[in-house]
2 protein chains.
Amino acid sequence: MMMAGLRERKKEQTRRRIAEVALRLFDERGYDAVTVNEIAEAAGVAKVTLFNYFPTKDCLVTEGVKDDLAAIVSGRPEGCAPLEALRRAYLAMAAESTGGMDVESLLARIRVISSSPALMGAMHAVRMGERYELATALRDADPGGDDLRAQLMAGQITAAVTTLQEVFFHRIAAGEPLEEAGRRLAHDVELAFDLLEHGFAPREDTP
Amino acid sequence: MMMAGLRERKKEQTRRRIAEVALRLFDERGYDAVTVNEIAEAAGVAKVTLFNYFPTKDCLVTEGVKDDLAAIVSGRPEGCAPLEALRRAYLAMAAESTGGMDVESLLARIRVISSSPALMGAMHAVRMGERYELATALRDADPGGDDLRAQLMAGQITAAVTTLQEVFFHRIAAGEPLEEAGRRLAHDVELAFDLLEHGFAPREDTP
DNA sequence: TTCAAAAACGTACCTGGTTTGCTTTATGCT
DNA sequence: AGCATAAAGCAAACCAGGTACGTTTTTGAA
């Protein structure tokens, strides 16, 4: 009865092989110039099997890029405001930068995504899902609060995070070393969250 | 020398016929259940001609839904902050609600869009274009300002407007009369722009 | 060893979208 | 009026992502 057996391991292995082959081909020749047929063939698998693992072509790349903002809010420590929890989480992420994952394949992923409008669109779709979940989490965090307010906050937070990621990706794709990009990211995170917290107004201070 | 002749009129007429037929079919049977072939046939036109007028299927519906935030910022009166110009523009839009366009087809459009994930995605793509242009306009409005700051602001503003529109669409699709939805929209606009202007912080007032 | 479930497969098919090359038709000029 | 031209339309074939379906292989356990 399900001893994490050979079967599961083989499945995982196949899935990883497909994703790796796809990423390599995309990086070599561009996302649009590679067909799923080629990927399937190169991975030694039938097209239908590929689509069994990944529901769409873009999922080959965008899988696992969710930041799960909602979880950060839900799991924040007692007495910590949602926005503060998110700020800390992103500062931590900027400090890690490459959290355990293979660096080269991470960079390849970023290159591929940044150079394909279709994938940028797919990323956006992912973000929209996150936004929805975040709105729910924010509503839970502030019961009795305004519903529209939660939605607006979720939208703005998601937008900020998206922009941060895009700028980060852009720098990486432009060849900036990962470490330096990470340092600058930390700075940018502060700016972004200050903007969220205090708004655009602080042009003229009224202390 | 191009006296707006019969040719142009016929073209415009064909284009409108295609769009109307498409909207009607989508509204009757759902976006995904209608193929472009059917639309072309129903409009008495070849598929290739349809794609000559509308580059993609979703453009049949999403054409002309751009709000052109950038133009509002660029064309704002002297001494008026960008955010203030946008607030006024959206308040005005909420007051008009149905600005001259045929109401029934407007409602059909909203119904169709709100009930199709694919079209919601397409709307999003439109918004992303707007965001980019808005970032540029904001940069122009504040020369010497921080580039990232402009991008973040553009993202947040776009997110707010998107949320407002989604809520508005949702109410319309749920059968709320246009006029009432417009009234509530005006109120929501104020909330959204206050949030943008002053941030999330103002839970406890510090006057 | 045997057997049922799960995984992989091959093939044909659908749909959005593009390409090619040909006909029709409005238009501007003489 | 008549004619050349350029725009618009068309039919049919094609491409790629994705799905449906029925078949074969692999695997875990009896």
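Lettering follows sequence order; numbering is per chain, from 1. Treat the numbers as computed from the prediction; the structure is a model and nothing was measured. Every heavy atom of this structure was used, including side-chain atoms; hydrogens, water molecules and symmetry mates were not.
Counting only residues at least two apart or in different chains, salt bridge (charged side-chain N to carboxylate O under 4.0 Å, His left out) contacts with residues 157-168 of chain B comprise A:Arg131-B:Glu166. Within the structure, no pair that satisfies the ring-ring contact (aromatic ring centres under 6.0 Å, His included) test touches residues 39-58 of chain B, not counting sequence neighbours.
At whole-Å resolution of the value, CD in A:Glu12 and C1' in C:dA7 are 15 Å apart. Distance CG (A:Asp32) to C1' (C:dG17): 13 Å, rounded to an integer number of Å. D:dT26 atom P lies 15 Å from atom CD of A:Gln13, rounded to whole Å. In this structure, B:Leu50 places its CG atom 15 Å from P of C:dT15, rounding to the nearest Å. Rounded to whole angstrom, the span from the CZ atom of A:Phe51 across to the P atom of C:dA8 amounts to 15 Å. As a whole-Å value, the separation of A:Arg9 CZ from C:dA6 C1' is 17 Å. Distance, A:Ile18 CD1 to C:dA7 P: 13 Å, rounded to whole Å.
Not counting sequence neighbours, the partners of B:Phe26 by the ring pair (Phe, Tyr, Trp, His ring centres under 6.0 Å) test are B:Tyr31. Under the rule for a salt bridge (charged side-chain N to carboxylate O under 4.0 Å, His left out), the partners of B:Arg139 that lie at least two apart in sequence or sit in another chain are B:Asp147.
With the end axes of the helix from C:dT1-D:dA30 to C:dT30-D:dA1 each set by five pairs, the angle from one to the other reads 10° at 10° resolution.
Heavy atoms of other residues, nucleotides or ligands lying less than 6.0 angstrom from CD of B:Glu41 number 12 at most. The environment of OH in A:Tyr132 is sparse: at most 12 heavy-atom neighbours from other residues, nucleotides or ligands sit within 6.0 Å. Environment of CZ in A:Arg29: crowded, with over 12 heavy atoms of neighbouring residues, nucleotides or ligands closer than 6.0 Å.
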*Would you sort out whether B:Lys11 and B:Glu8 count as a salt bridge (Lys or Arg N to Asp or Glu O under 4.0 Å), showing the intermediate values?*
CA-CA 5 Å; B:Lys11 248 181 102 169; B:Glu8 319 286 321; 5.8 Å; no

Under a 4.0 Å heavy-atom criterion, the protein footprint on nucleotides 5-16 of chain D, written with B, S and -, is -BBSSBB----S

